[in-house]
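A quick write-up on the structure given underneath.
When a ligand or atom number is given, it counts from 1 through the structure's own listing order. Just so you know, these numbers use all the heavy atoms, side chains as well, and skip hydrogens, waters and symmetry mates.
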Amino acid sequence: MQSLLTINNLCKNYRRSNSLFSSSLESAYKNINFSLQAGKTLSIIGESGSGKSTLVQTIAGLREQTTGNIYLNGKELTELTTQERCKSIRMLFHAPSNSLNPKATIGRILLAPLLLNSNLNAEQCDERIKKTLNLVGLLPDYLAFYPNMLSSIQQHQVALARAMVLEPDIIIADEILAGLDISLRFKIVNLLLKIQEKKA
Ligand SMILES: Nc1ncnc2c1ncn2[C@@H]1O[C@H](COP(=O)(O)OP(=O)(O)O)[C@@H](O)[C@H]1O
Ligand SMILES: [Mg+2]
């Protein structure tokens, strides 16, 4: 069976300046190889500064690797258009309270990725947004709310809905549970597992 995501010998180098006239070549990560099947979860574990965020940002298309290849459904990522890439791979960031626009309603927050990366008409967008809200366990009433009117778990649900609204193949979560209390961590992990099960 073809893998959903294949990473081949991925390396990322960057130049670090040591003093005014000298710099050294450092690697953020090197020789990364793995493949991921659809419906599966992969955890990347490593100490702080070991290159996890740089690696996942490369996979999400926010940074470029120095060498190596990334294949999505057998097609090299560089062959995809930005729109195709944005639709296929979405990222969840730490602290949704910082990543949700405080001046936009939940409805507008969820509409933005559809306007940018899909060709759906107004009615189809509306339908997709309601379907996605239901997927993450929020009522349509929340569409008119602003992020600061929501609890912490609800903000995570909205961030997840924003990531899911384009029906991506891959969701990348970079330390989204850091700094949260244990019960909230359980709720978010359970929500992610439930969505993965529903989408399988
Ligand atoms: N382009 C770059 N310029 C300078 N430093 C970089 C660059 N890319 C990565 N790094 C460094 O590589 C290291 C890896 O960081 P990061 O990916 O955030 O690790 P982690 O998420 O595992 O904590 C950090 O020390 C970071 O500063
Ligand atoms: Mg990190």
Side-chain angles (χ1 to χ4, degrees), residues 3-37 40-72 76-82 85-102 109 113 136 147 152-166 168-193 195-196:
S3 299
L4 174 62
L5 180 71
T6 307
I7 305 293
N8 259 353
N9 281 324
L10 212 63
C11 302
K12 169 82 180 174
N13 301 329
Y14 64 93
R15 209 155 256 296
R16 187 168 66 189
S17 63
N18 300 320
S19 64
L20 201 55
F21 302 108
S22 86
S23 65
S24 56
L25 199 64
E26 304 282 337
S27 64
Y29 56 78
K30 61 181 173 193
N31 302 332
I32 307 288
N33 289 284
F34 65 81
S35 59
L36 177 68
Q37 303 294 335
K40 300 284 180 201
T41 305
L42 177 89
S43 292
I44 300 173
I45 300 168
E47 59 190 35
S48 179
S50 59
K52 304 179 297 293
S53 295
T54 312
L55 172 65
V56 295
Q57 285 165 13
T58 313
I59 297 170
L62 305 174
R63 283 166 177 252
E64 247 182 82
Q65 69 267 36
T66 311
T67 56
N69 310 83
I70 304 170
Y71 298 94
L72 186 69
E76 197 166 354
L77 219 57
T78 47
E79 290 171 31
L80 302 180
T81 62
T82 311
R85 190 191 272 216
C86 287
K87 251 162 109 171
S88 304
I89 305 177
R90 307 295 295 169
M91 260 193 96
L92 281 177
F93 297 98
H94 173 59
S97 52
N98 297 335
S99 75
L100 299 173
N101 180 356
I109 289 172
V136 302
S152 185
I153 179 79
Q154 287 167 338
Q155 288 179 353
H156 277 273
Q157 283 168 291
V158 171
L160 191 54
R162 180 176 57 179
M164 292 300 301
V165 78
L166 286 164
D169 299 309
I170 298 173
I171 290 275
I172 298 175
D174 189 9
E175 300 218 31
I176 55 165
L177 305 177
L180 299 181
D181 67 53
I182 196 84
S183 72
L184 202 53
R185 284 179 185 215
F186 271 121
K187 279 183 191 161
I188 294 166
V189 170
N190 280 338
L191 181 62
L192 286 168
L193 289 174
I195 289 174
Q196 192 176 38

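- For atom 12 (O) of ligand 1, the nearest protein heavy atom (residue, atom name, distance) is Tyr14 OH, 3.5 Å.
- Not a single heavy atom of Gly46 sits closer than 4.0 Å to an atom of ligand 1.
- At a heavy-atom cutoff of 4.0 Å, ligand 1 is contacted by the backbone of Glu47 but not by its side chain.
- Considering every non-hydrogen atom in both Leu184 and Ser152, the closest pair reads CD2-OG, 3.4 Å.
- For the Mg ion (ligand 2), the set of nearby N, O or S atoms under 2.8 Å includes one belonging to Ser53.
- Across all their heavy atoms, Ser24 and Glu26 have their closest contact at OG-OE2, 3.1 Å.
- In the vicinity of Ala28, heavy-atom distances shorter than 4.0 Å reach the ligand 1 atoms 9 (C), 12 (O).
- Paired with His156 under the rule side-chain contact (heavy atoms from CB on, under 4.5 Å), one option of Leu100, Leu180, Leu92 passes, and it is Leu180.
- Between Gly51 and ligand 1, a contact under 3.5 Å exists for at least one N or O pair.
- Against a heavy-atom cut-off of under 4.0 Å, Thr54 is close to the following atoms of ligand 1: 9 (C), 14 (C), 15 (O), 16 (P), 17 (O).
- For Gln37 and Ser35, the side-chain atoms include no donor-acceptor pair closer than 3.5 Å.
- Separating the CG atom in Leu193 from the OG1 atom in Thr41 is a distance of 6.5 Å, to the nearest 0.5 Å.
- A donor-acceptor pair shorter than 3.5 Å cannot be found between the side chains of Asn69 and Asn9.
- Contact record, Tyr29 with Leu10: CD1-O, 3.6 Å, taken as the closest heavy-atom pair.
- Under a 4.0 angstrom heavy-atom cut-off, Arg63 registers as being in contact with ligand 1.
- Residue-ligand proximity, Ser53 to ligand 1, at heavy-atom distances under 4.0 Å covers atoms 17 (O), 18 (O), 20 (P), 21 (O).
- Ranking the protein heavy atoms by distance from atom 14 (C) of ligand 1 puts Gly49 O, 3.4 Å first.
- Between the side chains of Tyr14 and Thr54, no donor-acceptor pair is found at a separation under 3.5 Å.
- Distance check on atom 27 (O) of ligand 1: every protein heavy atom falls at or beyond the 4.0 Å cut-off.
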